[in-house]
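Along the sequence shown, residues are numbered consecutively beginning with 1.
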Amino acid sequence: MNSMTSAFRTVCLVASAAALAACAAAPLIQTHSLTQATPEQMVAQVRAAAGGEDSELAVQPLRDPMAEDLRENAAKFERDKRYSEAAAALDKALEIAPDDPATLQERAEIALLSGAPAQAETLARRAFEKGAKVGPLCRRHWATIEQTRLVAGDAAGAQAAKTQLGACKVAALERF
């Protein structure tokens with residue numbers, strides 16, 4: 001009986017320790033999205049933020065033809081709402097040109113469409129770091145970050161991204 005009592009005490013001690021450890025774990029933080037926009041609406045807002053003005057400086061780098069073909073395929077997949085295939089095509093393009101800010105931004109938008117806002121934000125920030133930091137593409141980076149911050153329930157972060165978005169506009173040089 002003594003060994004049974006000892007075993008019972010050991011089981012109780014282990015169970016108590018496990019219960020205390022569970023109580024000591026960090027509480028789950030609930031966030032509430034600050035937007036009711038669908039992923040498609042969010043991406044439409046991101047692309048609208050780029051604007052269509054010709055009166056501004058826009059840097060367009062030369063691109064690898066293979067990566068460009070993959071980007072075109074991704075655009076077709078996106079139009080057909082085949083987001084996983086679009087993501088795969090853009091991932092292949094990023095293997096060829098890992099620092100291309102336009103491809104990174106397009107991949108961020110596909111992540112947003114796929115319901116992966118954290119990945120979208122990471123990609124948009126990387127695209128901003130690799131890009132020209134001005135122009136329409138810059139605005140798309142910050143508009144993506146604004147949307148991801150809204151989804152995360154971070155009003156201050158969304159406002160900061162919106163402020164950064166405004167700083168992306170630079171007038172084009174006058175032609176003589």
Review point. Step by step, would you call E121 with Q147 a side-chain contact (heavy atoms from CB on, under 4.5 Å)?
Key: CA-CA 9 Å; E121 182 169 342; Q147 293 301 314; over 6 Å; no
**Study point:** Summary of side chain to side chain donor-acceptor pair (under 3.5 Å) pairs that have at least one residue in residues 152-165, sequence neighbours excluded
**Key:**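 Sorted result for residues 152-165: R149-D154.
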Check your understanding: Thinking salt bridges, do R71 and E68 make one under a 4.0 Å N-O criterion?
Key ->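 Salt bridge present between R71 and E68.
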Check your understanding: Could E72 and K76 be called an ion pair, given the rule that one side-chain N must be under 4.0 Å from one carboxylate O?
Key ->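 No, no charged N to carboxylate O under 4.0 Å.
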Review point. Is the closest side-chain donor-acceptor distance between T144 and Q105 under 3.5 Å?
Key: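 Looking only at side-chain atoms, Q105 and T144 do form a donor-acceptor pair, the distance falling under 3.5 Å.
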Any side-chain heavy-atom pair of [X] and [Y] under 4.5 Å:
| X | Y | answer |
| --- | --- | --- |
| M42 | V151 | yes |
| K92 | M66 | no |
| R125 | H141 | no |
| E78 | I110 | yes |
| Y83 | F77 | no |
| R126 | D99 | yes |
| R139 | K169 | yes |

Check your understanding: Going through the checks in order, is the side-chain contact (heavy atoms from CB on, under 4.5 Å) test met by L94 and L104?
Key -> CA-CA 7 Å; L94 287 168; L104 286 164; 3.7 Å; yes
Exercise for review: Check the hydrophobic clustering (I, L, V, M, F, W, Y; side-chain heavy atoms under 4.5 Å; chains of links allowed) and say if W142 and L112 are grouped together.
Suggested key: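 Different clusters.
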Practice item. Could I get the full list of side-chain hydrogen bond (donor to acceptor under 3.5 Å, both in side chains) partners for D91, not counting sequence neighbours? Key: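 For D91 the side-chain hydrogen bond (donor to acceptor under 3.5 Å, both in side chains) partners, ignoring immediate neighbours, are R107.
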Practice item. Begin with the C-alpha distance, continue with both residues' side-chain angles, and end with the deciding distance and a verdict on side-chain contact (heavy atoms from CB on, under 4.5 Å) for R47 and V43. Key: CA-CA 6 Å; R47 292 176 179 164; V43 170; 3.5 Å; yes
Practice item. Drop me the distance from E106's CD to L137's CG, to the nearest 0.5 angstrom. Key: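 Atom-to-atom, E106:CD and L137:CG are 8.5 Å apart.
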Point to revise | Value rounded to 0.5 Å, distance of CG in L90 from CG in D100 | key: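 L90 atom CG to D100 atom CG measures 10.0 Å (nearest 0.5 Å).
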